[in-house]
Each structure stands twice: as C-alpha cells, then as structure tokens.
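Order of appearance sets the numbers: ligands from 1, and atoms from 1 within every ligand. Quick caveat: nothing in here was measured; it's all calculated off a predicted structure.
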Amino acid sequence: MRRLTCAAWLALGAACAPAAPAPPNFVVFFVDNLGHGDLGCTGSTLHRTPAIDRLAAEGTRFASFYVASGVCTPSRAALLTGCYPRRVDLQASGANLPVLRPVDRKGLHPDEVTIAEALKPAGYATGIFGKWHLGDQPPFLPTRQGFDEFFGIPYSDDMTRTATAPDLPLMRGETAIEAPADRDLLARRCTEEAVAFIGRHAARPFFLYLPHPMPGSTARPFASPAFRGRSRNGPYGDSVEELDWATGEILGALERHHVASNTLVVWTSDNGAVRRDPPQGSCAPYRGFGYDTSEGAMRVPCLVRWPGRVPAGRVCDEVCTTMDLLPTFAALAGAPLPKRPIDGHDLRALILGEAGARSPWDDEGFGYYRMEQLQAIRAGPWKLYLPLAAKYVSLNRKTAPAPLELYDVVRDAGEEREISAAHPDVVRRLTALAERIRGEIGDVDRPGRGQREAGRVEDPKPIAMEPEAGPREGQSGAPAPGRSEP
Ligand SMILES: [Ca+2]
C-alpha cells in the first residue's frame, strides 16, 4: 500500500501526530575475561585506554554492574536473554562442565528470545562480530537467534584442535571460512567487519553486538602485530590496548555516519580477569578473580554513552546487571518483551539519570550463581555469602564448607570487614530473598519453578571448514602456547 501523506491523513480526519523519536541504535561491547581495574577510567595505571575512558567521560559509569555468572557461556546467555543462566539451562555444558565445549550437544534453546530477536519486530538490523559460545551446532548458531550477520568464532579462543574438537574455526554466517582462525587478528578483523556493518545500516536502527574474544582464555592473549609488545603489561596489556583501538574505530564510524547522537553504547566484560602467576589482569578494587562468585569475578566495568540522553561524567552505584539490557533496550525501541518470563528489569530511569531512580534489585536481591549453586546475594549495599555445607570452590565442583558472611560492598569494596553479627536484620532479609530466588531458579538440591530446558541435539558434529578464498596471506596457523580454560 502506498504511504499516505499527512494531508491525506488529515483528509481522512486523522490528526497528524508529531514524529516519534527515532528508536536508538545499540552497540554492546562484551569483552572476554577483562577485570574491573583494567581500564584507565577504573583505575589502571598500566593500560592506555583513551577511547574507552572517553565513554566514561561522555557517559555514565555503572559501579555496581554485574554479570550473571563468573564464566563465559552462562554470562553470555544471561546478557542475550535477560535471564539467569539456570533459568535457560546454560549453567553448565552437556557434559556438566562450566562452559560449552566444541561439538557440545547443548546450546541456547532456539525458542529463547535474544536481544536480537526482541528488536527484530522494531525493524532493527542485527550483527554479532566476535565470540558466540552459546552452542556450535547449526540450530544454536547466532544466525538462528535473530542475528542477520555473524563474523567470529563459535566458542573460546583456547578451544583449539583436540581428539574431538576441530581447529578453531573463523565463521561468517553459518560457514567456517578459516581454520585454525588466526587469533592474532581477531580483534582487528571483527572491528573492520563491524565498521562495515555500521556503514551498511546507518539509515535504519541497528543492534551491534561486539563480544570480543580478547583478552580471552589463554595465558598469552593475542593482538595484531601493530599492538604486540607495545603495552607495559605484556600480551595481556597489548590485547587491552588493541580493544581500546577497536572501541575508537567504532566510535569514529558512528560519528562518520552521523549516528553517534542516536546510539546507545554499552562497554562491559563477560567476567573478571583470571588469576595468573605472574598477575596479568586486575579486578581492583574487588576481591577475587574471574570464574567464581567473588566481586572480582562478577562485578565488571560498565560504561554507557548516549549523547544528550545518558548523563555525562556521572558514576551510578545502583545495582544493575547484564540481564537488564534486553528489557531496557526493548523499552527504548518500543518493542514488546518476550512472552516468557525473564529476570532483567527495564532500567531506563537509572540509565537516563532520573532523579531518585533506584535499582529494582534492591527489593528483589541479585543472586550470584556458580553453575547450579546459589552462593551469595546482593541487595542495596549488602552482599550476603550464604552458609553452605558444600560450596563449589573449583570449576570441577570440588566443594568445601563455607560460613555465612555479610559485607557492605559499597563502603567496603574489597570485602575486608565481615559484619553479619552487627546486622541480624539484614541477614534475615537477604536470606529470605535468597530463598525466593531458589524457588524460581533452583539450587543444587532442588529444581526451580521457572527453569526451562536448553536446546540439545542427538548427534553433534564438528564444524567443517568451507574456505572463502583460500588461506589468508601471512597467516601463521600455528597455535600459540596457552593454558586451556573456560
Ligand atoms: Ca569469559
């Protein structure tokens, strides 16, 4: 049908409504295993991150921002679905490991609604450039979960060839175009692809998801030759500084295409930096490292910029999580929420800096899960470690008894002063909130009312390569040394 002009509508007796504000674009950086203290704007004196720091200066830094798991797969599932990982059954792999493995029979259920799918009805173009890690079998790929375009790797950068896993594939869409992927060039190539995506879609709303695979899961992070050896913190610092370059490239592309003022940019990490000897990444000022339920593992840097809409140069200490992105984006885009229950909240009031806005998590409590076990809860400034007779203390479910502990993680960010004896009322209240979360999401000893099944395939197959145009020039192909971890 031909579009009616205003005059035609008036002739029909309809009022000519003022133009609704254009729905914003969304850009989400979700880097891998980068700690809270690894950026200039969060206190690093080692890494040079001027482009990322610019986001903090031109936007709001969220200082109590959480991922829903200290490891990759569940953390990514939560960001994309707005759900606790255990609600969507991605708290563990098909073999009950902490993250999905290559050729895993499990993946994000095709019926789950990702941010990309939620935004589709509002006319968004959607692209993912980076690391997926929500299932490598065809029904689980990003192209089946609302993404028009995928360029990157299907799982972690340390998941190289084994007896059962193929060479790490670099994929475009559903096709492996290179194997093994040249990991040194991942940040650069994902950025180039993302910049081209912005150019192609500048005229319509878009959702650009940038889950960069770096600093990643090996003890020697990767960087392109232009960044190798340049930082003051070895390969880890080189990769962080290349991510800063990548950020600058994206911000530049938004400006070049005149969409910066209508683009909400989020910059965060999927979990804290991993413990290394000698140390590499920093989770300062928080205690602990990636992979568990410490503040260091789950409280990550988060910068949000939307010129003229999100207050500039502000720090917000209200509890926010990656699960809140889906409902917040949907509301800003005028898209309906998924029909199935989700856990995240619409945080427009907090993000847009409305006076007196408070986190809905203060009343509800935010649960810290490690695999299927609820280990701690935060509400307001309080974090309660639940007393557990058998707390998971390693990635293979080794357990140890753990006492009840209460901290004020706003005034005592490093969790040095245990204060449960002085606040029995707070302990009671948070214990009751934990019980409510267990009822819905479950715990080691019980299912939750609200849990759904992950997707599963009977006969998973390794991703086979179909080269695009032969091997790239200058590709080394030789995997660099690295310890295998989630
Ligand atoms: Ca990770």
Side-chain angles (χ1 to χ4, degrees), residues 28-39 65-81 84-85 88 90-93 97-102 104 107-108 128-136 142 152-160 168 181 183 186-187 190 209-222 235-236 239-240 242-243 246 266-276 279-283 286 288-302 321-323 325 368-371 392 394-396 482-486:
V28 177
F29 286 87
F30 199 43
V31 304
D32 195 7
N33 295 0
L34 177 133
H36 181 273
D38 277 330
L39 307 174
F65 186 85
Y66 289 89
V67 287
S69 170
V71 296
C72 285
T73 294
S75 178
R76 284 150 205 271
L79 179 138
L80 280 177
T81 64
Y84 279 113
V88 295
L90 280 183
Q91 72 285 351
S93 76
L97 299 166
V99 299
L100 296 180
R101 305 297 304 180
D104 212 301
L108 182 64
I128 161 175
F129 303 91
K131 164 180 157 183
W132 175 239
H133 214 180
L134 294 175
D136 69 356
I153 55 178
Y155 37 70
S156 295
D157 65 308
D158 65 329
M159 295 177 177
T160 49
L168 176 70
R183 292 178 284 177
L186 282 174
C190 288
Y209 177 47
L210 294 167
H212 272 286
M214 293 298 132
S217 304
T218 73
R220 201 227 76 168
F222 298 86
Y236 187 94
S239 78
V240 173
E242 187 167 28
L243 290 175
V266 177
W267 204 104
T268 188
S269 174
D270 77 328
N271 55 253
V274 179
R275 187 190 300 275
R276 301 279 185 204
Q280 295 183 346
S282 163
C283 300
Y286 307 127
F289 288 92
Y291 300 163
D292 58 20
T293 52
S294 65
E295 291 297 278
M298 293 178 62
R299 195 166 165 184
V300 289
C302 177
T321 80
T322 49
M323 296 184 282
L325 296 185
Y368 301 65
Y369 276 89
R370 182 165 188 166
M371 303 180 84
Y392 294 163
S394 77
L395 290 170
N396 60 10
R483 210 147 42 104
S484 189
E485 282 172 35

Q: Verify, without hydrogens or angle tests, whether S294 (side chain) and A297 (backbone) share a donor-acceptor contact under 3.5 angstrom.
A: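 Checked: pair present.
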**Q.** Exam field: side chain T73 to backbone H133, donor-acceptor pair closer than 3.5 Å
**A.**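 Here the side-chain-to-backbone pair exists.
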Q) Quick check: does N33 put an N/O/S atom under 3.0 Å from the Ca ion (ligand 1)? A)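 A backbone or side-chain N, O or S atom of N33 is under 3.0 Å from the Ca ion (ligand 1).
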Q: Using a cut-off of strictly less than 3.0 Å, determine whether N271 has an N/O/S atom near the Ca ion (ligand 1).
A: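 True for N271.
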(Q) Taking salt bridge (charged side-chain N to carboxylate O under 4.0 Å, His left out) as the definition, give me every residue that meets it alongside D32, ordered by chain and number, with sequence neighbours left out. (A)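 R76, K131.
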Q: Mind checking side-chain hydrogen bond (donor to acceptor under 3.5 Å, both in side chains) for T321 and listing every partner two or more places apart, or none if nothing turns up?
A: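 Checked T321 against side-chain hydrogen bond (donor to acceptor under 3.5 Å, both in side chains); matches are D324.
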Q: Looking only at N, O or S atoms, find the one in D32 nearest to the Ca ion (ligand 1) and name it.
A: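 Per the distance ranking, D32 contributes OD1 as its closest N/O/S atom to the Ca ion (ligand 1).
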Q. Name of the D270 N, O or S atom nearest the Ca ion (ligand 1)?
A.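 The Ca ion (ligand 1) is closest to the D270 atom OD2, counting only N, O or S.
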